[in-house]
Each structure stands twice: as structure tokens, then as C-alpha cells.
Amino acid sequence: MERILLRRGAGAVEAVELGADGAAGRSTRLHAAAVAGFAAEREGGATPVRWVWDDTTRWYPALLTAGVRVERCTDLRLGHAILRRSPFAAQDLLAGEDTPGWDALQPGPPPDPALFPLADPADLLDPVAEHRRQQAVLAASPQRDRLALLLAAESSGALVAAELTHTGLPWRADVHARLLTGLLGARPGAGRRPAVLERLLEEVRAAFGAPALNPDSPGELLRVLQHAGLPVPDTRSWTLEQLDHPGIPALLEYRKLSRLLAANGWAWLDTWVRDGRFRAVFVPGGVVTGRWASSGGGALSVPTVVRPAAAADEGWRFVVADVAQLEPRVLAGMSGDDAMAQAARAADLYAGMVAAGTVATRADAKLGILGAMYGGTRGESGRMMPRLARRYPRAIGLVEEAARAGERGEVVHTLLGRGSPLPGVWPHEEGDRARRAWGRFTRNFVVQGTGAEWALCWLADLRNRLWRLGGEGDVEARPHLAFFLHDEVVVHTPEHLADEVAEAVRAAASTAGRLLFGAFPVDFPLDVAVVRSWADAG
DNA sequence: TGACATCGGGCG
DNA sequence: AATCCGCCCGATGTCA
């Protein structure tokens, strides 16, 4: 394995060969236009390459545009963010002159050819030095293997995220527009409501005797409801559903459609869908737990009602796969809880709990497990806890301990070593309440974060399998990842490869399980569907 | 006019 | 009084 570091210099790019100790070796100066050619040549060579760079978002989009796919990289920005908080990392080894610069480094802005390139704070940082520090931290870590796996998985995720934006999710604007027209009426002129909303609005105003009511204003709506004799504390849908009043159904319907219009209406189509693709911007490591975030287009909350518009190209298919009950399975694995892993042997973990006689019904199982992971102590889920704690002592013990540690103000960590942030100052008068809230956060952090690590390993392995499956051509000409949603992937593939893709998705899931939990027997069964449209899955 | 907070609701 | 974890986003409302 050869490591080549790319850095920007004055008017040119430098490709630096790194020695085994991370020291800078031979260096090649490249004009910006020659970088892609250089990368393609080395990537296609006999020696595997790991590209080391400050930030994947600052390098990879241009390479992809030039048709260059990269097998592996080290993303120093993401690695730094993890190591900075990890209890497995010696902070003094990570400290350097430009540490504050690395701390503050944000993902690169999307390249805009219309703008003159501004000064990039990343150009003030020395990637060779930062890489050596990160290597030193890994070498000295008591959990070197786990931490190294985490950094590799995070970097691989950065490659996937860039590729997802590059290829985009196939999106039929015509299908989407037809759907909108069916639900809302024809697209109205600027500043006007569609006919269906207009009709519902009049109905609501009449029912509450408020001819000027704007239901989009919670304050105004609350006053009108209370004036109508409905003693509600807020205007959430769940609250409104409990009310018996002739205006409520129209109000709820108005809210639902108004939300669709605002979030995923014609304006969304105009902004986010071009050339038949929804190009979401994914942000790896964007959530404290290690989950991805997204920016723009609400990529991680595409409503099911518009998913029929996500449709594979002619002659292509989607392979949609999601993990059933990822987080409870991860909890069984990371705690080494044999009884819970036994329940997880079933395709439906909750059914497995019923079959083992732990709980009476599937609903009880779900309620209890979710309560254990989120910190629900009241009502049904709270009543389930003693029984779960007896039956699954290690699993429940792990989340309880994470909660107690959080309440004491301590850092908790995921299986691979991502650390939780330190709590801020708790206001004295709210001490207990804030403390318990932080405990619920740390309780959930260890499970959600380790789930994210499983998903990263799944993605990374799947990405490589898909590439090998494809034969020739660019990423978008082969089976490729088209969307990722915490515990679900959408792969876009030529129809004749769909079955092999489905097999690859399953194989990648078992690889991920082995990477995280070794020989401990916890299963990660997938629901896999080969479909024309995302909406046809599950 | 822009910055910021709050609410409600979409996703996992 | 009483529904738990993490996000993103648009509309509204307040303030400078």
C-alpha cells in the first residue's frame, strides 16, 4: 500500500509520497488540470494507493467530474474531529501549532464556477504534519484497531457521500409534478395557494368562525382554538386529533398538504432536481453521534408520499435494502448479551423476544426496547424495564451505565471509540432535569453511534463490491449507491445485475457485523427489494 | 432588512 | 403535567 498526500500550493498541486512513518518523500508538482490524470494513473497502477488529503469535499468532486474513482483515502478533517473527542486518543499527541485550524475546519463549499476562489482556511494548514500526528495517536492508542477501523470507515463514508452527490438519485420530475397536481390541484401563480388548500382554508375558517385565520401561524391558531372552547396546550397534530370538533378534520388535512407544498412542492422540484437527478448533499459525521446529516433539499427526510418519483432509469432497477431493528441488534453485539443476540437470530427481533417468553406481545417488545434505548421511564415502556433488565442484563446494563455516566457529566463512547461531547453548564435551578436529559442523550449516543459505525462499514464494503461487479466505466455506468438513509441504502443498477447486487448488499452486511463484533453471533438480516421505484420497496 | 428563536412536522 | 434519542427545514414572530 502506497500513501500519496495531495496538497494545494501556490498556483499548483503537490503530490507527496509518504514514507511508512508518514514522512514526506518524493514530491511532484502538478498543474490543477493535471491532478485528475495523475490520480487516474496511480489509481490504475499495480500498487494500491491510499490518498491522503485535508478534506474529501475539497478534492473528490473534481476528480469524479473528471471520471476518476478513488478506492481509498484518509480524510484528515474527519479524522481530526473524531480523535479530538475520542477517549481512545492521547490528546497531547494530537496537539500541534495549527490544531485550532483543524478544529474549526468546515466542509468545503460546493464549487461555484461563477465565483472567484476565495481564501480557503484549509490552505493555512499543513496536512503532512497533521497526518503524522494522527498516525502517532493511532500507534499509541490502547484501542488501536478499533480507532483505525473507525477512521478508515469514516473516510470511506466521505468517498461515498461525494459519489452520492455526483451521481444523484434518479428522480422523475414529471411523476412528482403529477402527484402534486393530484393532491393539491394545478400549480398556482407565485404567492397563491393551490385550489385544494384554498378550499380547505375556507372550510376551516368557517368552522371556527375566524374569517381571517392563517392556520400556518401556531400562535394565531392556538388563540382561535381556545376561543372556540377547545382547551389545548399546543397545536400539534397529535393534540388536535384528540378533539371532537367539526373543523378539525379539514384543519389536519390543510396542515398535511400545506406541509407537502412547502417542503417538497414545485419549488423543491425547481431547486433540487436537474437532469433527472436529485443531488442531495450528504454530510458525513454531521451529527454528534456519527450519523450523517444532509444540507439542502431535506435529503434525509424525503416523505414517503413523493417516493414514487424516485424511479430507476430505463433498463435499470433499484435494489433497496434496510436493516431490521439495527440499533437493538447493535446493542446486543456491543454488550455481548447472549440472550438478546439469541432473540436477534430471528428476522424480527421483537418476535424473537416474544418467542423466548420475555414479553407477551410484539408491541410490548418494541415499546420496552425503544424505552431502554431512549430513556423512557414512564408508562408502558417504564413498566417493561425490570423484566428486560432481568432477561438482558448486559444490554440493559450497558445503556443504564451510559445514562449514569452522562448524568455524572462524563464522556461516553461508541464501540469504535467516537466520544460524546461534554455537557455544557447545567443551570442550577434545573440541575436534576437537565442532568437526566443529558443522561438520556448519552444513553442513546452509544447505541445510535455504534449503529452509525455498523452502517459505515456496510456502506464501505458494499461500495467496493459494487465497483467490482460493474466491469468497465465510470461510477454512474456501473451498479452504484444512489441514496443512504441511516440504515437503508438504494442501489441503482442495470437490471441484469440486480440479483448479484442484492447478494452483495447482504454479504456487505455480514462483513460489517464481523468487523464490529468479530465472532460474537449477532445477525443483521436485511429486507431487500428489487424495484422500479423507491416507493415499491418495503 | 437581517439575525435569531420558536413551533410543527418530515425522516431514521 | 406527563411521550423518549438524533437531525433538517419552512413559516412565523420578535428585535435591533
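Here is the naming used below: chain letters follow the sequence lines, and residue numbers restart at 1 for every chain.
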For this session: Using atom CZ of Phe282(A) as one end and atom C1' of dC7(C) as the other, report the distance to the nearest whole Å.
Result: 13 Å
Exercise. In residues 252-273 of chain A, what residues come within less than 4.0 Å of DNA chain B, judged by heavy atoms?
Worked result: Arg255(A), Arg259(A)
Exercise. Which residues pass the salt bridge (charged side-chain N to carboxylate O under 4.0 Å, His left out) test with Asp234(A), sequence neighbours left out?
Worked result: Arg236(A)
For this session: Using the side-chain contact (heavy atoms from CB on, under 4.5 Å) rule, take Arg277(A) and Thr167(A) through it: C-alpha gap first, then chi angles, then the decisive distance, then the call.
Result: CA-CA 8 Å; Arg277(A) 294 291 187 269; Thr167(A) 60; 5.8 Å; no
Mind listing the N/O atom pairs, protein and nucleotides 1-4 of chain C, below 3.5 Å?
| residue | atom | partner | partner atom | Å |
| --- | --- | --- | --- | --- |
| dC4(C) | O3' | Arg440(A) | NE | 2.9 |

Problem set entry | salt_bridge(Arg187(A), Asp270(A)) N-O dist < 4.0 Å | yes
Exercise. Where does the angle between the aromatic ring planes of His480(A) and His492(A) fall among parallel (under 30°), tilted (30 to 60°) and perpendicular (over 60°)?
Worked result: perpendicular
For this session: Kindly say whether Arg199(A) contributes a backbone atom to a donor-acceptor pair with the side chain of Arg193(A) at under 3.5 angstrom?
Result: no
For this session: Scan Arg418(A), Glu453(A), Gln448(A) and name whichever one has a side-chain hydrogen bond (donor to acceptor under 3.5 Å, both in side chains) with Thr289(A).
Result: Gln448(A)
Exercise. In residues 290-304 of chain A, which residues come under 4.0 Å of DNA chain B by heavy atom?
Worked result: Arg291(A), Leu300(A), Ser301(A), Val302(A), Pro303(A), Thr304(A)
Problem set entry | Sidechain N-carboxylate O distance under 4.0 Å for Glu407(A), Arg404(A) | yes
Exercise. Of the residues in residues 169-186 of chain A, which ones touch DNA chain C at a heavy-atom distance under 4.0 Å?
Worked result: none
For this session: Salt-bridge test for Arg291(A) and Glu327(A): reply yes if a basic N is under 4.0 Å from a carboxylate O, no otherwise.
Result: yes
For this session: Using atom types as modelled and distance alone, determine if a side-chain donor or acceptor of Trp458(A) lies under 3.5 Å from a backbone N or O of Val505(A).
Result: yes
Exercise. With no hydrogens and no angle check, is any side-chain donor or acceptor of Asp55(A) less than 3.5 Å from a backbone partner on Arg77(A)?
Worked result: no
Exercise. Contact class for Arg307(A) (heavy atom, under 4.0 Å): base, sugar-phosphate, or nothing?
Worked result: sugar-phosphate
Problem set entry | Spacing between Leu221(A) atom CG and dA11(C) atom P, to the nearest angstrom | 17 Å
Exercise. If you measure only the distance, is there a donor-acceptor pair under 3.5 Å linking the side chains of Arg465(A) and Thr511(A)?
Worked result: yes
Atom pairs under 3.5 Å, N or O on each side, protein against nucleotides 13-16 of chain C: can you list them with distances?
| residue | atom | partner | partner atom | Å |
| --- | --- | --- | --- | --- |
| dG13(C) | OP1 | Ser217(A) | OG | 2.5 |

For residues 202-210 of chain A, tabulate all N or O donor-acceptor pairs below 3.5 Å that involve a side-chain atom, not counting sequence neighbours.
| residue | atom | partner | partner atom | Å |
| --- | --- | --- | --- | --- |
| Glu202(A) | OE2 | Arg205(A) | NH1 | 3.2 |
| Arg205(A) | NE | Pro211(A) | O | 3.4 |
| Arg205(A) | NE | Leu213(A) | O | 2.9 |
| Arg205(A) | NH2 | Leu213(A) | O | 3.2 |

For this session: Please list, in 5' to 3' order, the outermost nucleotides of DNA chain B lying under 4.0 Å from any heavy atom of chain A.
Result: dC7(B) to dG12(B)
Exercise. Does atom NE2 of His245(A) have more than 12 heavy-atom neighbours, drawn from other residues, nucleotides or ligands, at distances under 6.0 Å?
Worked result: yes
For this session: Identify the heavy atoms of Leu261(A) and Pro194(A) that sit nearest to each other, and give their distance.
Result: CD2-CD, 3.8 Å
Exercise. Are Arg255(A) and Pro215(A) close enough that some pair of their side-chain heavy atoms sits under 4.5 Å apart?
Worked result: no
Seminar exercise, completed: For Glu401(A), the side chain to side chain donor-acceptor pair (under 3.5 Å) test, sequence neighbours excluded, returns Arg408(A)
Problem set entry | Results of ring-ring contact (aromatic ring centres under 6.0 Å, His included) for Phe483(A) - residues two or more places apart only | Phe282(A), Trp534(A)
Exercise. Can you find a pair of side-chain heavy atoms, one from Trp292(A) and one from Val160(A), that are under 4.5 Å apart?
Worked result: yes
For this session: Considering only atom C1', compute the distance from dG9(B) to dT3(C) and round it to an integer number of Å.
Result: 16 Å
Seminar exercise, completed: Sorted by chain and number, sequence neighbours left out, side chain to side chain donor-acceptor pair (under 3.5 Å) with Trp454(A) holds for none
Exercise. For residues 383-412 of chain A, which residues have at least one heavy atom under 4.0 Å from DNA chain B?
Worked result: none
Exercise. Rounding to the closest angstrom, what is the interatomic distance between dC4(C) and dA5(B) at atom C1'?
Worked result: 24 Å
For this session: Keeping the roles fixed (side chain from Thr181(A), backbone from Ala177(A)), state whether a donor-acceptor pair exists under 3.5 Å.
Result: yes
